[in-house]
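What follows is one structure encoded as structure tokens, with my remarks underneath.
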Amino acid sequence: MAGEDVKIDPWGRPEIKDYARLYEVFGIRPISEALAKMRELGVEPSAFMRRGIIFGHRDLDRALEAWKAGEPVAVVTGFMPSGRFHFGHMLTGLQLVFYQRLGFKVFVCLADAEAYAVRHIPRKDAVRIGVEEYVANLLALGLDPSTAEFYFQTSRGLPYHELIQLFSSKVTYNEMEAIYGELTPGKIVSALTQVADILHPMLPEYGGHRYVVVPVGADQDPHIRLARDVASRMASEVEYFTPPAATYHKLIRGLDGGKMSSSRPEFTIFLTDPVGDAIRKLRASVTGGRNTAEEQRRLGGEPDKCPVFDQYAYYLVPDDSELESIERRCKSGALLCGECKAFGSERLKSFLETHQRSLEAYKDKAWSIVEAPKY
Ligand code: TRP
Ligand code: SF4
């Protein structure tokens, strides 16, 4: 079968070159189909969906139908608290806000067990980073804690941990190896734990049966496939389980065109970066521009290869027609990279100033809305 050889390693942070291949290989559906459905149901898709940054989904249409019919719905996602909160994380955060405003209950997992197992992050660091970076920034992005639950994997409680034990007998080693490639005990437990993250909100102890949507980067699809398999295999035993829906986004590029990651701070914009630092990084970014101004005027720039344009499309230019105009002017050679970066720097400055002002108010509050693990 096509794609037998294609594996996504969610811990290796693969750079996925061709997102469209994921449609044929793994059966992810193009988001365009779900958009039509959304509009039919009276929901305006988010800019990420309109712009194809969220490019694919599984069963999003079914989840939205459930929502429209007034059934209980939730959005679930998780973050590994292994480094500072950056522009890549914000994409997931804003999706949580989007669903919350539609009336979805929100569950945010702070994946401290996973960070310990696969990234060897000391426990105390994971807790501090989880609260002060992730919870605080998510609140500042507009997530309302009154209908959002934040938790650390290691202290989520008994029914959740029982699920992990039960799941371990629902898959074979060979199946997991076919999904993930090379495994370690830490990876196996992390994967089953993530399945519990996704399915436990359906247990009565955590609110009972509901339709769950999981917004993730495309690299997390192996976990989604595993969660959907486990849910269907256990459906006869645990009546609350329904295979979860998911959406998939493209990972934002770092400022050298490689991956954006906390371990590559020079190419990554953090939400707590001093404005001057962030602008300096943006100004040093590679672009889709040509070698000389003359050449660029003649040939035009290549916004689809440009990390600066990524920052616009993801965040800095929310207005679709403004984004189109930048793209057009770049491609025609009317806009040169220096002018473009000066514009981007202004946008970045006002974004960070506004965000950091509201973040101050949430730093302390964050500690009071999540239970920190005891050790
Ligand atoms: N594995 C995810 C990451 O590396 C974090 C995560 C843990 C997660 N539990 C989850 C994501 C549940 C989505 C749903 O970023
Ligand atoms: Fe990128 Fe702007 Fe240069 Fe176009 S003009 S390549 S969008 S920096």
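Residue numbers run from 1 in the order of the sequence given. Read the numbers this way: they start at 1 and go in the same order the structure lists the ligands and their atoms.
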Checking N137 against Y362: is there a side-chain donor and acceptor pair closer than 3.5 Å? no

Please determine whether a side-chain nitrogen of the Lys or Arg among K349 and E346 lies less than 4.0 Å from a carboxylate oxygen of the Asp or Glu. no

Counting only heavy atoms not in E44, do more than 12 fall under 6.0 Å of its CD? yes

Tell me every residue that passes side chain to side chain contact (heavy atoms under 4.5 Å, CB included) with D18, counting only those two or more places apart in sequence or in another chain. A20, R21

Per-atom filter on ligand 1: closer than 4.0 angstrom to a heavy atom of D197 are 7 (C), 9 (N), 10 (C), 12 (C)

If you count the atoms of ligand 1 from 1 in the order shown, which ones are under 4.0 Å from a heavy atom of M80? 4 (O)

So if I count the atoms of ligand 1 from 1 in the order they appear, which ones are less than 4.0 Å from some heavy atom of A111? 7 (C)

Side chain, backbone, both or neither: the part of V216 lying under 4.0 Å from ligand 1 by heavy atom: side chain

State whether E33 and K37 are salt-bridged, where the test is any N-O pair (Lys NZ or Arg NE/NH1/NH2 against Asp/Glu carboxylate O) under 4.0 Å. no

Taking 2.8 Å as the strict upper bound, atom 2 (Fe) of ligand 2 has protein N, O or S neighbours numbering 1

Ligand 1 atoms in contact with T77 (distance to a heavy atom under 4.0 Å): 13 (C), 14 (C)

Would you call E360-K365 a salt bridge at under 4.0 Å N-O? no

Within 4.0 Å of some non-hydrogen atom of G78, the atoms of ligand 1 are 5 (C), 6 (C), 8 (C), 10 (C), 11 (C), 12 (C), 13 (C), 14 (C)

With respect to E114, determine whether any N or O atom, backbone or side chain, lies less than 3.5 Å from an N or O atom of ligand 1. yes

Ion pair present between D61 and R29, side-chain N to carboxylate O less than 4.0 angstrom? no

As a test of understanding, state which of H161, E371, H200 forms a side-chain hydrogen bond (donor to acceptor under 3.5 Å, both in side chains) with R156. H200

Could you tell me whether K187 and E182 make a salt bridge, using a distance below 4.0 angstrom between a side-chain N and a carboxylate O? no

